[in-house]
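Notes follow once the structure below has been shown.
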Amino acid sequence: MSSKSLQLDPKRFTEYNTVTDISGPLLFVEGVDGAKYAELVEISLPNGTKRTGQVLMVEGDKALIQVFEGTQGIDIDKTKVRFLARGIEMPLSADMLGRVFDGLGRPIDNGPDIIPEERRDINGAPINPYARDYPNEFIQTGISAIDGLNTLVRGQKLPIFSGSGLPHNRMAAQIARQAKVLGKAEEFAVVFAAMGITFEEAQFFINDFKETGAIERAVLFLNLADDPAIERLATPRVALTTAEFLAFDKDYHVLVILTDMTNYCEALREVSAARKEVPGRRGYPGYLYTDLSTIYERAGRIKGKKGSITMIPILTMPEDDKTHPIPDLTGYITEGQIILSRSLHRKKIYPPVDVMASLSRLKDKGIGKGKTREDHANLFNQLFAAYARGKEVQELAVILGEAALSDIDKLYFKFAELFEERYIGQGEYEDRPIEKTLDLGWELLAMFPRAELKRIRDEYIDKYYNKFRERWLKEHPESNQ
């Protein structure tokens, strides 16, 4: 290294013993020259142990540092701080597939350290809107409630809004196992990041991925509940830096699953409070929207690039409140939402997707001839309309009794029950191809006379409905009137 480069960066070689105060996980250091926001810091304790921190705020010659491992046992007078002149960097390699890391990207699967092809700052940057390519290719999750009704499209951001006690972790693992791009022999990978989860939940994900073989095409980042809050803030960025490398350097189609974004936002609130910032809605920092957008907007497709990043953030709504700041702001940034229903969960229906409240804003771009099947859009509209009417009839029956229902109302009543049990409900390890999902929709609609199918073209009715109708009438001769 030349003397000129040494002069440009003197603080790389300077240790400061000017720690003036400790507050929770924070250190206050004075007399610092040239510290920068998000810079990494090495903290040397009197007993020779070292800890790592990150600069949260700089004001003049004062720096506020969050210590990853916590501040317990730190002696203000004898502790030394060295600024490393770089942010958190992620070592990147295609060899990361099949590996398990902690929230900062350090291996925790007893495997060797990654020999990096390159290192990148985890903060990255959102994709330039001008460079974005429009999402328009179907991704099959194997879950009918998503594939058939709220279709996931390559490059889309489609969050899952859940609640405490609902099976979002099981659903996340199922999507990670089953997701695939159809029709082309293209590389597909899953980057899975879990934040603030328990040890048992971490073991569930590790065991599930290994037992099903999904680990071979996946990279897992696991941040546990007892890990530092600042590490939780880094985890989704570490995962997305890895995804960007696989997608835009190695031409993979990458599905990024982030769970649980509520834990991430709680960590953000904790750090914000420690910095004594003015709180916004429900105590969250006023920049929560901006911070979330720096994560979500890193997903997408780039013109001229073969790979893509599709994102499924999962968050638990406190008290099942859709107007809570976290789901509320997430809904503004992303392209729809999958909402899990507590009432369906009580009926033991898995996955308990509330299709009436859920929405995929890009579904029309990912379905149809050459993507799923030509009848998909018409079939979706008819299923949705029939289920909506069936739910209305069920509510009416509660008030007036089933005896007050007409014959056609009773058909819709029965349809809503079967739709929840057979179409929405499926096995945790049942991977349904899109053809099976679509055929199942026709099979359920076959209970209606043709005149009720007002949202489907005659050509599709002739091609698909008639054969299922004949089968239905054989199995239910009382319907042949």
Side-chain angles (χ1 to χ4, degrees), residues 138-153 158 171 174-175 178 182 336 338-339 341 344 347 349-360 362-394 408 410-427 430-476 479:
F138 171 68
I139 288 183
Q140 179 177 289
T141 66
I143 297 175
S144 293
I146 296 178
D147 294 347
L149 302 173
N150 298 284
T151 311
L152 179 65
V153 181
L158 186 62
M171 191 172 173
Q174 184 174 3
I175 293 172
Q178 298 178 176
L182 298 182
I338 305 292
I339 297 182
S341 162
L344 287 177
K347 295 179 183 178
I349 291 172
Y350 171 89
V353 176
D354 185 348
V355 297
M356 300 290 290
S358 300
L359 170 69
S360 171
L362 299 181
K363 67 177 180 296
D364 293 336
K365 306 299 179 183
I367 63 177
K369 189 174 183 180
K371 297 176 181 178
T372 54
R373 207 167 69 186
E374 75 275 13
D375 59 314
H376 192 158
N378 280 195
L379 182 61
F380 156 80
N381 289 332
Q382 189 65 63
L383 286 170
F384 195 93
Y387 181 58
R389 181 169 172 184
K391 296 303 288 183
E392 291 175 359
V393 170
Q394 287 180 346
I408 196 67
K410 290 176 181 176
L411 270 182
Y412 279 102
F413 186 103
K414 183 65 175 175
F415 173 85
E417 288 183 339
L418 290 175
F419 184 78
E420 290 176 352
E421 292 171 9
R422 297 184 55 199
Y423 193 95
I424 298 176
Q426 67 182 83
E430 181 184 356
D431 185 358
R432 288 183 184 166
I434 185 61
E435 292 81 8
K436 184 175 180 181
T437 290
L438 295 172
D439 286 347
L440 182 57
W442 281 110
E443 190 177 328
L444 292 170
L445 289 176
M447 70 170 62
F448 296 112
R450 179 170 179 148
E452 290 297 313
L453 306 186
K454 300 171 183 175
R455 298 173 181 269
I456 303 180
R457 292 184 186 178
D458 289 340
E459 60 190 278
Y460 301 148
I461 292 178
D462 294 338
K463 186 174 180 180
Y464 298 103
Y465 166 79
N466 290 338
K467 62 179 179 181
F468 286 108
R469 179 62 174 174
E470 289 173 8
R471 188 188 307 168
W472 170 268
L473 292 175
K474 288 179 181 177
E475 295 173 356
H476 303 82
S479 302

Verify, without hydrogens or angle tests, whether [X] (side chain) and [Y] (backbone) share a donor-acceptor contact under 3.5 angstrom.
X: Ser360; Y: Gly336; answer: no
X: Asn381; Y: Ile456; answer: no
X: Lys371; Y: Lys365; answer: yes
X: Glu374; Y: Lys369; answer: no
X: Asp354; Y: Ile339; answer: no

Contact check, side chains of [X] and [Y], non-hydrogen atoms, under 4.5 Å:
X: Leu379; Y: His376; value: no
X: Leu149; Y: Tyr423; value: yes
X: Phe415; Y: Leu383; value: yes

If you round to the nearest 0.5 Å, how far is [atom2] of [Y] from [atom1] of [X]?
X: Lys347; Y: Ser341; atom1: NZ; atom2: OG; value: 7.5 Å
X: Gln140; Y: Ile175; atom1: CD; atom2: CD1; value: 12.5 Å
X: Phe138; Y: Lys363; atom1: CZ; atom2: NZ; value: 13.5 Å
X: Ile461; Y: Lys463; atom1: CD1; atom2: NZ; value: 14.0 Å
X: Asn466; Y: Arg469; atom1: CG; atom2: CZ; value: 10.0 Å

Shortest non-hydrogen contact from [X] to [Y]?
X: Gln382; Y: Lys454; value: OE1-N, 3.1 Å
X: Ala145; Y: Asn150; value: O-ND2, 3.3 Å
X: Gln426; Y: Gly142; value: NE2-O, 2.9 Å

Thinking salt bridges, do Glu420 and Lys391 make one under a 4.0 Å N-O criterion? yes
With a 3.5 Å cut-off and sequence neighbours excluded, list the donor-acceptor pairs that the side chains of residues 437-451 form with protein atoms.
unit_1 : atom_1 : unit_2 : atom_2 : d
Thr437 : OG1    : Ser144 : OG     : 2.8
Asp439 : OD1    : Arg373 : NH1    : 3.1
Asp439 : OD1    : Arg373 : NH2    : 3.2
Trp442 : NE1    : Asp375 : OD2    : 2.7
Glu443 : OE2    : Arg422 : NH2    : 2.5
Arg450 : NH1    : Asp462 : OD1    : 3.1
Arg450 : NH2    : Asp462 : OD1    : 3.2

Side chain to side chain contact (heavy atoms under 4.5 Å, CB included), paired with Val153, selected from Ile139, Leu362, Leu158: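 Single side chain to side chain contact (heavy atoms under 4.5 Å, CB included) partner of Val153 among Ile139, Leu362, Leu158: Leu362.
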Among Ile367, Thr141, Thr372, Leu152, which one satisfies side chain to side chain contact (heavy atoms under 4.5 Å, CB included) with Asp147?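 That would be Thr141; it is the only one of Ile367, Thr141, Thr372, Leu152 passing the side chain to side chain contact (heavy atoms under 4.5 Å, CB included) with Asp147.
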Evaluate side chain to side chain contact (heavy atoms under 4.5 Å, CB included) for Met171 paired with Ile146, printing each intermediate quantity in order. CA-CA 11 Å; Met171 191 172 173; Ile146 296 178; 3.8 Å; yes
Are a donor atom and an acceptor atom from the side chains of Gln174 and Tyr350 found within less than 3.5 Å of each other? yes
Lys467 NZ: over 12 foreign heavy atoms closer than 6.0 Å: yes
Considering the options Tyr387, Tyr412, Phe384, Phe413, which one meets the ring pair (Phe, Tyr, Trp, His ring centres under 6.0 Å) requirement together with Phe419? Tyr387
